[in-house]
Number of protein chains: 2
Amino acid sequence: MIKHSKQRDAIIERLSDRTDHPTAETLYQELKEELPNISMGTVYRNLNQLASLNKILIVRSPFGPDRYDPIPNQHPHFFCTNCFAVLDLDVDKNRLLATGQEGFKGEIQDCISSYYGLCPDCLEKLKLKH
Amino acid sequence: MIKHSKQRDAIIERLSDRTDHPTAETLYQELKEELPNISMGTVYRNLNQLASLNKILIVRSPFGPDRYDPIPNQHPHFFCTNCFAVLDLDVDKNRLLATGQEGFKGEIQDCISSYYGLCPDCLEKLKLKH
DNA sequence: ACTAATAATAGTAACGATTACTATTATTAT
DNA sequence: ATAATAATAGTAATCGTTACTATTATTAGT
């Protein structure tokens with residue numbers, strides 16, 4: 001049975017409506033400003049709880065600690081190898097699933113797709129250098 | 001400048017021709033039988049070196065420690081949520097890349113695709129239960 | 001072959017990210 | 001109000017992995 005807590009409210013509030021996929025550490029540093037005594041354990045405990053309730057998504061980064069996404073359904077992400085930004089990719093996941101399922105005898109339930117390269121900003125900056 | 005070592009030879013030999021994607025720990029336990037003094041550091045150091053020379057692939061598992069793959073090019077893997085087997089998926093990666101690139105303004109260089117669900121064996125066993 | 005230079009090693013310590021523990025505090029149902 | 005119990009802060013512990021250090025093994029040049 002879940003009880004209300006202002007820490008959890010603050011965590012949800014901090015994470016919602018952002019697209020930068022912060023780390024637990026980033027959230028913790030920001031949350032300390034409004035709740036000076038909040039602890040890392042509380043941040044992790046609530047993020048894990050929210051994830052298991054399918055309210056947020058834990059995004060495992062190939063380049064560092066986990067990121068957190070307010071969009072709860074599993075979707076592809078793009079990791080910039082230059083500035084380390086994490087972006088949501090608007091990709092038809094059913095096509096990715098269908099591609100994976102082709103010729104595979106098991107049952108594919110889902111996929112985690114991590115694309116990487118240069119994000120639009122870094123690509124643009126690189127082009128301007130020429 | 002790289003110098004020869006029997007430990008590295010043994011690691012390469014152990015990993016080659018297998019498809020079970022062992023962990024560093026698994027390799028270490030097996031290697032100890034022929035080289036009782038080999039250390040975890042040596043296993044990791046060589047696996048990392050081989051990976052940076054593109055001779056093997058490090059496979060980050062969503063469900064536990066890293067796995068190692070003698071096939072060095074980045075390719076999709078399937079993770080069984082029932083028996084935790086890791087399988088190579090024979091998927092046309094160019095299609096996955098193309099799907100990801102659609103409508104994305106940045107430059108996609110590669111992707112790590114992790115599918116999961118029931119492997120052929122576990123699916124078959126489940127079917128027999130009915 | 002001998003020697004010098006240095007890569008690789010075993011063993012151990014340290015690390016970063018995350019989880020677990022514990023006594024206390026806050027929320028909720030009655 | 002009270003009792004039951006989630007949730008907390010603070011801290012310790014864990015896991016997988018990397019870094020350090022003194023020693024050993026391999027190689028290049030004589």
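The basis for the numbers below is simple: all heavy atoms, side chains too, and nothing from hydrogens, waters or symmetry mates. Here is how names work: the chains are called A, B, and so on, in the same order as the sequence lines, proteins then strands, and each is numbered from 1.
- Following rounding to the nearest Å, B:D9 (CG) and C:dA7 (C1') show an atom-to-atom distance of 14 Å.
- Taking the charged nitrogens against the carboxylate oxygens, B:K93 and B:D110 do have a contact shorter than 4.0 Å, which makes a salt bridge.
- Residue B:Y44 contributes atom OH, which lies 10 Å from atom C1' of D:dT18 at whole-angstrom precision.
- Spacing between atom CG of B:L47 and atom C1' of D:dA19 amounts to 17 Å, rounded to whole angstrom units.
- Taking the six-membered ring where tryptophan is involved, the planes of A:H75 and A:H21 are tilted, since the angle between them lies from 30° to 60°.
- Atoms CD1 (B:I2) and P (C:dA7) sit 10 Å apart, rounded to a whole Å.
- Checking A:R45 against A:T42 by side-chain atom types alone, a donor-acceptor pair falls below 3.5 Å.
- Two residues, B:R67 and A:N46, neighbour DNA chain D, and the one matched to the more 5' nucleotide by heavy-atom proximity is A:N46.
- The nearest heavy atom of DNA chain D to B:M1 and to B:Y68 marks one nucleotide each, and the one closer to the 5' end goes with B:Y68.
- Residues A:S5 and B:R8 each lie close to DNA chain C; by heavy-atom proximity, the contact nearer the 5' end of the strand is made by B:R8.
- Ranked by how close their nearest DNA chain C nucleotide is to the 5' end, A:A24 and A:R45 are led by A:A24.
- The phosphate of C:dA10 has OP1 or OP2 within less than 4.0 Å of a side-chain N or O from B:T42.
- Counting any heavy atom pair closer than 4.0 Å across all strands shown, A:M40 reaches no nucleic acid atom.
- Using the six-membered ring where Trp is involved, A:F63 and A:Y116 have ring planes that are perpendicular, over 60° apart on the 30 and 60° scheme.
- For A:Q7, no side-chain nitrogen or oxygen approaches OP1 or OP2 of C:dA26 to under 4.0 Å.
- For the pair A:Q49 and D:dA7, the criterion of a side-chain N or O lying under 4.0 Å from OP1 or OP2 is met.
- A close approach under 4.0 Å does not occur between any side-chain nitrogen or oxygen of A:N48 and OP1 or OP2 of C:dT18.
- If you take CZ of A:R60 and P of C:dA17, they are 14 Å apart, rounded to a whole angstrom.
- As rounded to whole Å, 14 Å separates atom C1' of D:dA6 from atom NZ of A:K6.
- Rounded to whole Å, atom C1' of D:dA7 lies 13 Å from atom CG of A:L50.
- Regarding A:F63, its CZ atom lies at a distance of 18 Å from the C1' atom of C:dA17, rounded to whole Å.
- Outside the 6.0 Å centre-distance limit, the rings of A:F79 and A:F84 are not counted as a close aromatic pair.
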